[in-house]
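Here is the structure we will look at, set down as structure tokens.
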Amino acid sequence: MAMLAEGCADFIRNKHLQALLHCICGGITDPHPAVRNAALFALGQFSEHLQPDISKYHADLLPLLFDYLSKASQTADEKPKGITKTYYALEMFCENLGNDLLPYLPTLMERLLLTLQNSSSVHVKELAISAIGATANAAKEHMLPFFGAVMEQLKVYLTSSFDSGDALILQVQSIDTLGVLARTLGQENFLPLAEESLQLGLKLMKDIDDPDLRRCTYGLFASLSSVLKENMAAHLPTITKVMINSIKSTEGVVAHYNKDETSALALFDDESSEDIEDSDEENDTDEEDIQGYSVENAYLEEKEDACNSLGEIASNTGAAFLPHLEECFQEVFRLLDYPAANVRKAAITTTGQLCCTLCKALPGNNDNDASALSKVLDQTLPLFVHIINTETDRTVVMATLETLKEMLSGVGVAMVTEQGNLSSITSSIRNVLQGKTACQDQDEDDEDDEDGDQAELDAMLIECAGDLIPGLAQALGGQIFAPYFAGALPLLLTRTKKSCTAAEKSFAVGMLAETVVALKESVQPFIPHLMPVFLRMIQEEDEEVRSNAVFGIGVLTEHGKEQIFQHYPTILQALSGVIAKEEDRRVMDNVCGSVCRLIMTNPSLVPLDQVVPTLLQYLPLEEDLEENLTVYRCVAHLYQANQTTVMQSLPQLLTVFGKVLTLPDITQDLQVILVGLVKSISQHQADIFNAVVSSIPQEIAQILSQAAIS
């Protein structure tokens, strides 16, 4: 059951999640320890791979985990396997829970802190410290009340020097958790400790020669860069120097000779025979006896984390990093063909981050700035395209595609001003969508691999390539990108066929809808191809496919304008059919967004007296809050036009406005619209406003009153 979670995630989420969780809960309370351990592992796997659906069951699962944690902690020394599985399940579940964890936070932190105080087991303490970090990832600034108590427990490991042994294990884990706290508590809350934490990291690296300690300290520096920003400048020479040393280091590389019977990773198999022939005779003689090379995992992880941390520090410190950027870029660039895949992935990601940092930090108002950016892009992009087409490790190709997407966002159109770069990137996307890259050709050779793993990785790879399509459209503009979209469109449409899986349809419809948004009015020539697909997909069994299709209809209407007017009756009838039988709130939120786009595009073609009452029934939105701006912009438009249903529904709408204004992540644009509506109603319909404020909960009434006078 645990092993099914990753490969069959969509099927379990849609069909069997509740039933399987019932089995897992029964297993956790089973009298036999082997069953309990297997159930805990399954819960951890489910928590890792079945988000966000599994989080909805927190009220059933967390009390069960807390109860088992208490019991397992008492017998941890005798039964370490049970406590390990318990913490694994707890971490995986809590880390993805977000604000839903807050009601349980005091109980959870009490248990973890007691464990740190009372346990004599190094392993249990290590698990508890790690769990505090996972909890902080979910609770963020809500961890602040527990910060003092946590630091009191961690300081003994943070402030001492341990060369090896159990104490060093706890020190490494404590530094990792300190880094998590730096990221999650908020810049203002952690800033007073930032300088002290940075000096601590520098001192530990000076005193202790250990790859694990260096690795976690690099992560700490990266976390602190999100707090200190450009104020980290004075320490960058020292920090970049030690990280570059790790990137360049050959420490941990072990040569294995032919007489050795142990297997080794032949790191340098990719060297050409020509290179070998060019070596001098003495080296040839020495190397004849070498079977291959291996690298200790700790040193590989150090190199990988040095790369990742360097890229993050560059992104966070911006212009302050410029004096160090060229050297860092060249050293990281050399790792792009490193034998270990994880190091290659880290180098790819960091190379992209350094390009973005250079673009953002340079003023860009002279030829030298443009030349510097062009130089690194000309080095980077052709190699990235080569990796996509020729790399045999899928995860490396996915990292490259994801990095290109981030670069499109960070560098923008400068990334594809060269026609050759644009053509090669779009060609590599088509190659992935058609299954023509080297890593996809591996399928025939990898007969021993499980079909499910290959299929899942292939689907993820195709999604990564598809994500670049709307990104390119956004960077280039619809008019320039439209011909390239015409080449990719058939490859996306083939994934909407009846025989395709729900995941394939969801991906294709989602990418098409996002590309419509990026193309804007340039999408009009594609309407005959897209509209039938969106209308067909809203009938699908899978709610995510339906949701994406409904969104697609709305944005196609918004940007298709006059070309869509003839389709209004068909669209309205289709959306009416969805409303009549839809039970999924995310789909309904997208229906609301699409209806509002129809109204805003041409209200004369919409029977407002019939449509608006239905729309108001589903406010406020519950799942897809990104549609809030579209919906309330439409409501504001209808209010200004004195639309009958809206004017009659002002009491209901005021309560809705108050609830939406309390959302923690409300955007400024949405806030401006809602505050404007509240102020206008309070001035022009004062009796209605006063009556509502006096009859609703005090918290919402206070929000409305403040908005009215702001």
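What you see below is based on every heavy atom in this structure, not just the backbone, and it leaves out hydrogens, waters and symmetry mates.
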Can you check whether [X] reaches [Y] side chain to side chain, under 4.5 Å on heavy atoms?
{"X": "N99", "Y": "L102", "answer": "yes"}
{"X": "L116", "Y": "I132", "answer": "yes"}
{"X": "F41", "Y": "Q45", "answer": "yes"}
{"X": "C307", "Y": "V343", "answer": "no"}
{"X": "L105", "Y": "H142", "answer": "yes"}
{"X": "I696", "Y": "L704", "answer": "yes"}
{"X": "L101", "Y": "E95", "answer": "no"}
{"X": "V227", "Y": "L193", "answer": "no"}

Distance (rounded to the nearest 0.5 Å) between [X] [atom1] and [Y] [atom2]:
{"X": "T400", "Y": "M407", "atom1": "OG1", "atom2": "CE", "result": "11.0 Å"}
{"X": "I244", "Y": "K241", "atom1": "CD1", "atom2": "NZ", "result": "10.5 Å"}
{"X": "L220", "Y": "I175", "atom1": "CG", "atom2": "CD1", "result": "7.0 Å"}
{"X": "R586", "Y": "L621", "atom1": "CZ", "atom2": "CG", "result": "10.5 Å"}
{"X": "S47", "Y": "L90", "atom1": "OG", "atom2": "CG", "result": "9.5 Å"}
{"X": "L310", "Y": "I239", "atom1": "CG", "atom2": "CD1", "result": "10.0 Å"}

Shortest non-hydrogen contact from [X] to [Y]?
{"X": "L213", "Y": "Q171", "value": "CD1-OE1, 3.4 Å"}
{"X": "A340", "Y": "L300", "value": "CB-CD2, 3.9 Å"}
{"X": "L113", "Y": "Q153", "value": "CD2-CG, 4.1 Å"}
{"X": "T84", "Y": "H123", "value": "OG1-NE2, 2.7 Å"}
{"X": "A320", "Y": "L236", "value": "O-CD1, 3.5 Å"}
{"X": "L62", "Y": "C94", "value": "CD2-SG, 3.9 Å"}

Q: Quick one: do K405 and E402 satisfy salt bridge (charged side-chain N to carboxylate O under 4.0 Å, His left out)? Show the steps, please.
A: CA-CA 5 Å; K405 180 184 176 184; E402 289 167 355; over 6 Å; no

Q) By salt bridge (Lys or Arg N to Asp or Glu O under 4.0 Å), which residues pair with D669, not counting sequence neighbours? A)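 Partners of D669 by the salt bridge (Lys or Arg N to Asp or Glu O under 4.0 Å) criterion come out as none, since no residue qualifies.
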
Q | With S246, the side-chain hydrogen bond (donor to acceptor under 3.5 Å, both in side chains) member among E302, E304, E251 | A |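 Between S246 and the candidates, side-chain hydrogen bond (donor to acceptor under 3.5 Å, both in side chains) is satisfied uniquely by E302.
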
Strictly by modelled atom types, are [X] and [Y] linked by a side-chain donor-acceptor pair under 3.5 Å?
{"X": "E312", "Y": "Y218", "result": "no"}
{"X": "S130", "Y": "E91", "result": "yes"}
{"X": "E195", "Y": "Q199", "result": "yes"}

Please check if the side chain of [X] supplies one atom and the backbone of [Y] the other of a donor-acceptor pair under 3.5 Å.
{"X": "S409", "Y": "E406", "result": "no"}
{"X": "K303", "Y": "S249", "result": "yes"}
{"X": "S119", "Y": "V124", "result": "no"}
{"X": "S705", "Y": "Q702", "result": "no"}
{"X": "T662", "Y": "K659", "result": "yes"}
{"X": "S223", "Y": "R183", "result": "no"}

When you look at [atom1] of [X], are more than 12 heavy atoms from neighbouring residues, nucleotides or ligands closer to it than 6.0 Å?
{"X": "Q187", "atom1": "CD", "value": "yes"}
{"X": "E463", "atom1": "CD", "value": "yes"}
{"X": "E326", "atom1": "CD", "value": "no"}
{"X": "E626", "atom1": "CD", "value": "no"}

Q: Begin from the C-alpha positions of E141 and L185 and carry the test side chain to side chain contact (heavy atoms under 4.5 Å, CB included) through to its verdict.
A: CA-CA 4 Å; E141 67 277 3; L185 285 179; 5.7 Å; no

Q.
Under 4.0 Å between a side-chain nitrogen and a carboxylate oxygen: does that hold for D30 and R36?
A.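 Looking at R36 together with D30, the answer is no, because their closest N to O distance does not fall below 4.0 Å.
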
Q | Audit row: H235, L198, side chain to side chain contact (heavy atoms under 4.5 Å, CB included) steps and yes/no | A | CA-CA 9 Å; H235 301 287; L198 196 149; 3.5 Å; yes

Q | Working for salt bridge (charged side-chain N to carboxylate O under 4.0 Å, His left out), residues R585 and E622 | A | CA-CA 7 Å; R585 272 306 311 221; E622 294 181 7; 3.5 Å; yes

Q | Residues that A341 engages under side chain to side chain contact (heavy atoms under 4.5 Å, CB included), provided they are two or more places apart | A |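 Checked A341 against side chain to side chain contact (heavy atoms under 4.5 Å, CB included); matches are R344, D393, V396.
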
(Q) One pair to check against salt bridge (charged side-chain N to carboxylate O under 4.0 Å, His left out): R214 and D209. What are the steps and the verdict? (A) CA-CA 8 Å; R214 287 193 293 270; D209 181 18; 2.6 Å; yes

Q. When the ring planes of F321 and H324 are compared, do they come out parallel, tilted or perpendicular, using 30° and 60° as the limits?
A.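 If you compare the ring of F321 with that of H324, the planes turn out perpendicular.
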
Q: Over 60° means perpendicular and under 30° means parallel, so classify the ring planes of Y104 and F66, tilted if in between.
A: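 Taking Y104 first and then F66, their aromatic rings stand perpendicular (interplane angle over 60°).
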
Q: Dump the intermediate steps for side chain to side chain contact (heavy atoms under 4.5 Å, CB included) on E230 and N316, then the final yes or no.
A: CA-CA 7 Å; E230 65 278 358; N316 288 331; over 6 Å; no

**Q.** Result of checking T357, T240, L362 against L325 for side-chain contact (heavy atoms from CB on, under 4.5 Å)
**A.**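 Between L325 and the candidates, side-chain contact (heavy atoms from CB on, under 4.5 Å) is satisfied uniquely by T357.
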
Q) Can E48 and Y88 be said to form a side chain to side chain contact (heavy atoms under 4.5 Å, CB included), step by step? A) CA-CA 10 Å; E48 185 174 357; Y88 170 66; 3.2 Å; yes

